[in-house]
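Heads up: the structure comes next, in structure tokens.
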Amino acid sequence: MDPVAALLDAPRAQGAFLLRVTMSPPWSVRIEDEAPLTVVAVTSGSACYAPDTGDPVELLPGDLLLIARPDPYLFADTADRPPQAVIHPGGRCETPAGASLELPMRQGVRTWGNAAEGRDTMLVGTYPSVGEAGSRLLGVLPPVILVRRADHRTGLIALLAEEINGEGVGQASLLDRLLDGLTVTAIRHWVEAAAERPPGWLSAGADPVVGAALDLMHDETAEPWTVASLARRVGLSRAGFARRFTAAVGEPPMSYLTAWRLALAADRLRHDDAPVFRVAADVGYRSQFTFSTAFKRHYGDSPLAYRQRVSA
């Protein structure tokens with residue numbers, strides 16, 4: 001499992017909010033839903049993405065936009081169009097004055113907009129949460145990744161556009177995975193096209209030795225890894241492996257592994273009710289006390305206090 005795939009397992013779009021948006025000009029929607037990650041693909045016409053700070057971006061058919069911050073922004077037919085609707089957390093839609101637009105803008109199953117067949121159409125998917133492991137990925141991405149039609153294969157967009165109106169067995173899961181595919185497409189484009197070298201763990205897979213070590217950490221997290229045991233598995237001396245890993249990833253092997261284990265543990269504590277000792281063992285800690293100490297040092301709460309706080 002490469003680093004991007006491993007980290008995307010956490011924000012994977014389980015039950016993501018996914019819509020086909022159809023608009024006829026003039027139109028303008030302000031997004032204040034606080035979603036940590038949003039994917040937009042234009043299928044016809046055009047759309048303008050206008051953040052509160054920064055220059056607006058015009059999107060054309062086949063263009064893909066990944067918004068990796070919860071900050072508000074505007075989508076409209078032109079950047080200077082005053083908002084006619086506001087999207088709040090949970091997908092709640094209102095006029096700027098606060099009147100509900102839930103029913104007037106609904107155009108059918110997974111379709112929303114001011115016209116049933118508008119000139120401007122987009123596929124919009126939001127990840128409602130990303131968890132701690134996913135935050136490691138989003139924290140190093142730029143706020144926006146734009147992939148033009150000419151720079152990627154648009155088959156996923158076409159397939160998602162075809163499937164979004166379906167109601168077959170497993171449809172929701174299929175749509176989630178297609179949305180994941182668009183997310184990976186955007187991140188891969190950024191990694192490969194970045195003028196500056198992306199963070200080490202995103203590009204370290206290019207080094208076969210470091211990539212193999214990362215695979216071991218991600219796939220066999222519960223193993224009692226040490227620098228020496230990882231070095232043996234990838235065929236290097238302990239010192240040679242430590243130097244090579246640190247140079248490629250930007251932090252020592254055990255530092256990376258600890259942060260990864262604790263992120264996985266935090267997501268487990270958030271999403272299931274497994275006993276703390278079980279969570280500790282599953283992420284590689286043989287001692288609950290050692291795990292609790294490391295967890296509190298990293299997150300500021302004991303595992304139980306963290307679970308209670310995020311549940312509340």
Side-chain angles (χ1 to χ4, degrees), residues 1-12 130-141 184 187-188 191 197-307 310:
M1 181 186 296
D2 66 78
V4 173
L7 288 163
L8 275 174
D9 276 347
R12 183 168 294 246
V130 297
E132 294 296 334
S135 293
R136 285 172 57 83
L137 173 62
L138 298 193
V140 299
L141 293 180
V184 173
I187 294 173
R188 178 186 293 170
V191 169
R197 186 173 180 267
W201 48 261
L202 270 176
S203 56
D207 182 322
V209 170
V210 176
L214 288 169
D215 285 347
L216 292 170
M217 294 179 185
H218 295 151
D219 295 341
E220 303 175 36
T221 307
E223 289 295 310
W225 296 116
T226 63
V227 175
S229 63
L230 284 166
R232 284 195 299 271
R233 289 288 295 272
V234 299
L236 288 180
S237 68
R238 183 184 184 282
F241 167 69
R243 285 194 301 269
R244 188 160 170 174
F245 187 98
T246 302
V249 176
E251 60 182 318
M254 291 298 102
S255 175
Y256 177 90
L257 180 59
T258 296
W260 175 244
R261 282 171 164 166
L262 294 176
L264 293 181
D267 286 339
R268 283 285 303 278
L269 292 166
R270 179 189 297 266
H271 294 298
D272 69 43
D273 58 358
V276 171
F277 76 86
R278 174 52 56 198
V279 174
D282 288 347
V283 299
Y285 284 87
R286 298 298 178 261
S287 163
Q288 183 176 328
F289 175 78
T290 302
F291 167 68
S292 296
T293 300
F295 192 93
K296 186 171 185 178
R297 183 185 304 119
H298 193 82
Y299 288 106
D301 285 325
S302 69
L304 281 176
Y306 176 87
R307 170 176 276 166
V310 297

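Computed from a predicted structure; not experimentally measured.
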Minimal non-hydrogen separation, [X] against [Y], with atom names:
X      : Y      : value
Glu220 : Trp225 : O-NE1, 2.9 Å
Leu269 : Arg307 : O-NE, 3.2 Å
Ala231 : Ser237 : CB-O, 3.7 Å
Ala222 : Arg286 : O-NH2, 3.0 Å
Arg268 : Ala274 : NH2-CB, 3.3 Å
Pro252 : Thr246 : CA-OG1, 3.4 Å

Problem set entry | Side chain to side chain, Met217 and Pro253, heavy atoms closer than 4.5 Å |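 Sidechains of Pro253 and Met217: in contact.
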What pairs with [X] under side-chain contact (heavy atoms from CB on, under 4.5 Å), at least two apart in sequence or on another chain?
X      : result
Arg297 : Thr293, Ala294
Ala305 : Asp301, Ser302
Ala266 : Glu132, Phe295, Tyr299, Tyr306

For this session: Not counting sequence neighbours, which residues clear side-chain hydrogen bond (donor to acceptor under 3.5 Å, both in side chains) with Ser229? List them please.
Result: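 Expected list: Thr226.
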For this session: Please name the residue in the list Leu236, Val249, Val234 that meets the side chain to side chain contact (heavy atoms under 4.5 Å, CB included) test with Val210.
Result: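 For Val210, the side chain to side chain contact (heavy atoms under 4.5 Å, CB included) test succeeds with only one of Leu236, Val249, Val234, which is Val249.
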For this session: Show the numbers, then the answer: is there a side chain to side chain contact (heavy atoms under 4.5 Å, CB included) between Val283 and Trp260?
Result: CA-CA 9 Å; Val283 299; Trp260 175 244; over 6 Å; no
For this session: Evaluate whether atom CG of Asp272 has more than 12 neighbouring non-hydrogen atoms of other residues, nucleotides or ligands under 6.0 angstrom away.
Result: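 Enclosed.
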Say you draw a straight line from [atom1] of [X] to [atom2] of [Y]; how long is it, rounded to the nearest 0.5 Å?
X      : Y      : atom1 : atom2 : result
Phe245 : Tyr256 : CZ    : OH    : 6.5 Å
Thr290 : Tyr285 : OG1   : OH    : 8.5 Å
Leu230 : Glu223 : CG    : CD    : 10.0 Å
Leu262 : His298 : CG    : NE2   : 6.0 Å

Exercise. Arg278: what forms a salt bridge (charged side-chain N to carboxylate O under 4.0 Å, His left out) with it, not counting sequence neighbours?
Worked result: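 Counting only residues at least two positions away or on another chain, Arg278 forms a salt bridge (charged side-chain N to carboxylate O under 4.0 Å, His left out) with Asp282.
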Problem set entry | Exam field: side chain Arg261 to backbone Thr221, donor-acceptor pair closer than 3.5 Å |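 Yes.
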For this session: Write out all pairs satisfying salt bridge (charged side-chain N to carboxylate O under 4.0 Å, His left out) with one or both partners inside residues 239-258, taking only residues at least two apart or from two chains.
Result: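 Output for this query lists Asp207-Arg244.
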